[in-house]
Amino acid sequence: MARTRLVAGNWKMYGSRAANRALLEAILKGLPKDGVQCVVCPPFPYLAEVAEQLRGTPTTCGAQNVSEHAQGAYTGEVSAAMLKELGCRYVIVGHSERRQIFGETHAQVAAKFAAARGAGLTPILCVGETLAEREAGCTEEVLARQLGAVKFSDAVLAYEPVWAIGTGKNATPEQAQAVHAFLRKKVPQDTAIVYGGSVKAQNAAAIFAMPDVDGGLIGGASLVADDFLAIARAAAAKGR
Ligand code: PEP
């Protein structure tokens with residue numbers, strides 16, 4: 001079975017109602033008709049409005065985080081069922097910013113992943129090594145630990161080297177391919193494995209051309225319609 005090709009935009013904590021509307025309008029006008037599944041992941045407060053704007057289009061909505069708890073006295077948290085009710089299909093789990101800034105542990109990431117799956121959401125599980133870990137030759141060990149903590153099934157896997165996120169220093173296509181090939185052996189064969197870390201309009205085609213790279217998780221460039229569109233087109237064009 002052909003693997004899904006996917007490009008997801010992680011808007012992080014950027015946007016406003018007006019800016020989101022304008023960005024989405026521009027994106028929806030230019031997206032390729034087929035060949036790639038596009039997802040946008042706005043901040044929580046905008047999810048309902050974005051999902052509404054996407055209704056009837058092939059582009060879908062995702063969240064950037066989810067609580068590991070189903071409900072209860074967890075001030076500030078948002079459950080998987082709530083995300084589902086708002087129209088989300090995907091949720092990013094284990095982003096390195098959550099692991100590093102908010103101290104998310106392997107156990108929490110695993111619980112969030114399970115909560116998302118339990119509610120019928122597709123997790124986009126992020127794994128990635130720091131520069132120090134890469135330089136120490138521990139990349140595979142780190143990734144195996146991050147992935148092994150999760151009962152992985154029916155999800156998208158995102159390889160996001162921490163040193164490439166928001167730095168403008170992307171992994172080379174060959175570096176990405178080597179890691180994706182390693183990860184591919186550890187997940188069901190139909191799993192989409194996407195690359196994230198300074199993907200731009202200029203480098204997307206070369207990275208996506210690698211045999212085990214099925215698209216991208218895009219941060220900064222997903223906030224600029226022309227850049228996101230160019231990246232989505234690069235993914236759709238793969239193999240044509
Ligand atoms: C990300 O935040 O997941 C990401 C890949 O960011 P950027 O594209 O800005 O490096």
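Indexing begins at 1, ligand by ligand and atom by atom, following the structure's order. Everything numeric here is computed off the predicted structure, so don't read it as measured data.
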List the closest protein heavy-atom neighbour of atom 4 (C) of ligand 1: residue, atom name, distance to the nearest 0.1 Å.
Gly219 N, 3.6 Å
Using modelled atom types and a 3.5 Å cut-off, is there a donor and acceptor pairing between side-chain atoms of Arg99 and backbone atoms of Cys126?
yes
Proximity flag Lys12 to ligand 1, non-hydrogen atoms under 4.0 Å
yes
Is there a polar contact between ligand 1 and Glu97, counting only N or O atoms under 3.5 Å apart?
no
Do any N or O atoms from the side chain of Lys112 and from the backbone of Glu104 form a donor-acceptor pair under 3.5 angstrom?
no
Polar contacts were defined as any N/O atom of the residue lying under 3.5 Å from an N/O atom of the ligand; does this apply to Gly166 and ligand 1?
yes
Which atoms of ligand 1 sit under 4.0 Å from any heavy atom of Gly197?
5 (C), 10 (O)
Give the atom numbers and elements of ligand 1 that come within less than 4.0 Å of a heavy atom of Gly220.
7 (P), 8 (O), 9 (O)
Please state which protein non-hydrogen atom is closest to atom 1 (C) of ligand 1 and give its distance, to 0.1 Å?
His95 NE2, 3.2 Å
Please answer whether the main-chain N or O of Gly220 pairs with a side-chain N or O of Lys200 as donor and acceptor at a distance below 3.5 Å.
no
In ligand 1, the atoms that come under 4.0 Å of a heavy atom of Ser198 are 7 (P), 8 (O), 10 (O)
So if I count the atoms of ligand 1 from 1 in the order they appear, which ones are less than 4.0 Å from some heavy atom of Ala164?
10 (O)
Counting both backbone and side chain atoms, is some N or O of Glu160 under 3.5 Å from an N or O of ligand 1?
yes
Is there a side chain to side chain contact (heavy atoms under 4.5 Å, CB included) between Phe182 and Asp212? Walk through the geometry before answering.
CA-CA 9 Å; Phe182 168 75; Asp212 285 300; over 6 Å; no
Result for side-chain contact (heavy atoms from CB on, under 4.5 Å) between Val40 and one of Leu47, Asn10, Leu24, Val7 points to Leu24
For ligand 1, which atoms, with element, lie under 4.0 Å from some heavy atom of Ile165?
1 (C), 2 (O), 4 (C), 6 (O), 10 (O)
Lys/Arg N to Asp/Glu carboxylate O, Arg145 vs Glu141, below 4.0 Å:
yes
Aromatic plane relationship, Tyr195 with His180 - under 30° parallel, 30 to 60° tilted, over 60° perpendicular
tilted
Charged N to carboxylate O below 4.0 Å: is that the case for Asp190 and Arg3?
no
